[in-house]
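Before I ask anything, let me first share the structure, which is written out below as structure tokens.
Order of the sequence lines fixes the chain letters, A, B, ..., with proteins taken first and strands second; residue numbering starts at 1 for each chain.
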Amino acid sequence: MASSSKTEQKKMLILKSSEEEEFEIEESIAVQSGTIKNMVEDDFTLIPLPNVDTETLIKIIKYMKKHGEKTKSNEKDIEEFDKEFVKKSFTELKELVLAANYLHITSLIDLLCQAFADRIKNKSVKAIREIFGIPNDFTPEEEAEVYEQHKWAHEEGKEHIDHSAY
Amino acid sequence: MASEEILKAVFPFLEGTELATCMIVCKQWRDIARDDYFWKCLCSKKWPSICKRTSPPTVTYYNLFQNFHKRQYRRTVLPPKLSFSDLEFYIDIWTEEKIIFSDVVPGPVLQKGIWIPPPGICDVLRFHLEGPEYKMTLPVEPRFTIPLCQTVSVSVLVGRKDTNKAACIIKKSLFDYIDRTAYRALAFDYLDFSSPISLFVSGVRAWISLLFMDHGNEGALDVFGIEMDFCDAANSEHEVLWLLDMLEWK
């Protein structure tokens with residue numbers, strides 16, 4: 001069944017976004033997604049992804065294609081790609097992480113979570129609220145109480161906190 | 001809600017202090033970050049062996065992390081068990097073999113610190129007495145004079161009312177150093193601590209000084225006050241009380 005002739009046609013799959021748009025992709029690359037891999041094992045070639053919109057799917061396909069060509073020599077190249085890949089808006093990252101989670105692409109989930117974590121690191125509470133667009137739902141008393149409970153985390157190293165949103 | 005999924009995925013990537021910061025962001029973040037699971041992960045990264053315990057833990061991993069994640073450099077001293085009102089100091093001063101000062105000084109008198117120093121003391125001494133560093137001082141009334149040719153010695157014992165025991169602060173020491181710029185004659189002795197503290201702590205001295213006037217009289221010291229301090233180790237009222245508590249009380 002597996003003939004290693006160079007002219008052999010690579011097996012292609014079709015991924016369909018929630019907006020019904022279809023994208024062709026090599027199976028060997030698509031199976032970086034655990035979800036897709038399972039469906040392939042059940043003999044699917046058209047993979048509907050109702051949870052992933054077109055824009056996000058395009059980005060994910062781009063990621064998988066890049067990571068699909070991973071060899072020992074282009075590690076640096078992929079690192080650069082990853083760095084650029086996460087330079088997206090917070091909303092885009094949110095969509096991506098939900099999709100990566102649904103698709104079970106472990107390396108992408110880790111990459112995106114790390115990107116989120118980096119946006120939280122060394123930021124003040126106020127800055128975090130601004131970055132993530134979160135309203136403060138504590139009353140002033142509640143907030144003071146919570147802050148007091150967590151004073152241990154802020155006692156030293158306060159000078160490292162960045163109060164600007166970015 | 002979708003953000004909950006994301007937060008649960010992102011939180012494991014944070015350091016402990018950052019996770020604690022997240023708890024202050026809003027109620028939802030607080031409720032998710034509170035999950036001891038995340039703190040267990042942080043503990044297991046720092047101290048893997050702690051998660052291998054066979055008996056169930058009695059405190060949350062959150063508490064564990066909070067207590068041990070970093071050394072507290074800030075010295076916060078708990079209030080001491082001893083208070084000055086429990087103490088009485090027995091101060092005796094001799095020139096040659098003659099007693100020239102002998103008094104029972106209640107703790108609160110020494111605690112209060114300097115009264116208004118009399119006029120005629122040198123500026124250096126006045127500056128020292130008015131300074132913020134903690135010192136125990138007592139006025140000597142009436143003042144006494146010590147001719148310089150004589151040896152002056154001192155002993156200080158202290159008694160405590162809560163246990164009815166006494167301890168020695170200075171056995172019998174000579175005032176063999178005279179600081180002429182600050183107009184003080186100094187004596188010291190090493191403190192004896194109770195066991196097992198004495199195994200590990202040594203070389204802490206009690207200092208006692210006679211404060212004298214600036215009369216220009218080179219031949220004698222006109223003593224107006226006495227000062228006692230433990231500057232080797234204790235520099236606040238609480239610290240002094242803790243230090244005294246550690247003495248060998250008999």
**Prompt:** Who wins among A:Asn136, A:Ile109, A:Leu112, A:Asp110 for the most heavy-atom pairs under 4.5 Å with chain B?
**Reply:**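 Going by pairs under 4.5 Å, I would pick A:Asp110.
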### Query
Measuring from A:Lys126:NZ to B:Thr21:OG1, what's the distance to the nearest 0.5 Å?
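So the gap between those two atoms works out to 15.5 Å.
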For A:Ala117 and B:Val10 the tightest heavy-atom approach is N-CG1, 3.8 Å
Quick check: are there more than 12 heavy atoms from other residues, nucleotides or ligands sitting under 6.0 Å from NZ of B:Lys46?
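Yes, because the 6.0 Å sphere around NZ of B:Lys46 holds more than 12 heavy atoms from other groups.
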Q: Answer yes or no: are there more than 12 heavy-atom neighbours, outside A:Glu41 itself, under 6.0 Å from its atom CD?
A: yes
Looking only at heavy atoms, the pair that brings B:Glu18 and A:Asn122 closest together is OE2-N, 4.1 Å
Output for pair (A:Lys121 NZ, B:Phe13 CZ), nearest 0.5 Å, gives 9.5 Å
If you tally heavy-atom pairs under 4.5 Å between each of B:Leu14, B:Val25, B:Thr17 and chain A, the highest tally belongs to B:Val25
- Message: So if I take each residue of residues 61-69 of chain A and look for any heavy atom under 4.5 Å from a heavy atom in chain B, which residues do I end up with?
- Response: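 Interface residues of residues 61-69 of chain A: none, nothing closer than 4.5 Å to chain B.
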query: Checking A:Gln149 against chain B: side chain, backbone, both or neither under 4.5 Å from a heavy atom?
result: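 Contact with chain B involves the backbone of A:Gln149 alone.
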- Item | For B:Cys26 against A:Pro135, the heavy-atom pair lying closest together |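 Minimum heavy-atom contact is CB-O, 3.8 Å.
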Counting only heavy atoms not in A:Glu55, do more than 12 fall under 6.0 Å of its CD?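 At most 12 heavy atoms, drawn from other residues, nucleotides or ligands, come within 6.0 Å of this atom.
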**Request:** Answer yes or no: does atom CZ of A:Phe90 have more than 12 heavy-atom neighbours from other residues, nucleotides or ligands under 6.0 Å?
**Result:**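 It does: A:Phe90 CZ has more than 12 such atoms within range.
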So which heavy atom on A:Tyr147 is nearest to which on B:Ile24, and how close?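 For A:Tyr147 versus B:Ile24, the nearest heavy atoms are CD1-CD1, 3.6 Å.
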Between the CG atom in A:Asp137 and the NZ atom in B:Lys27, the distance rounded to the nearest 0.5 Å is 5.0 Å
On a heavy-atom basis, the closest approach of B:Gly16 and A:Trp152 is O-CH2, 4.1 Å
d(B:Glu15 CD, A:Ile120 CD1) to nearest 0.5 Å is 12.5 Å
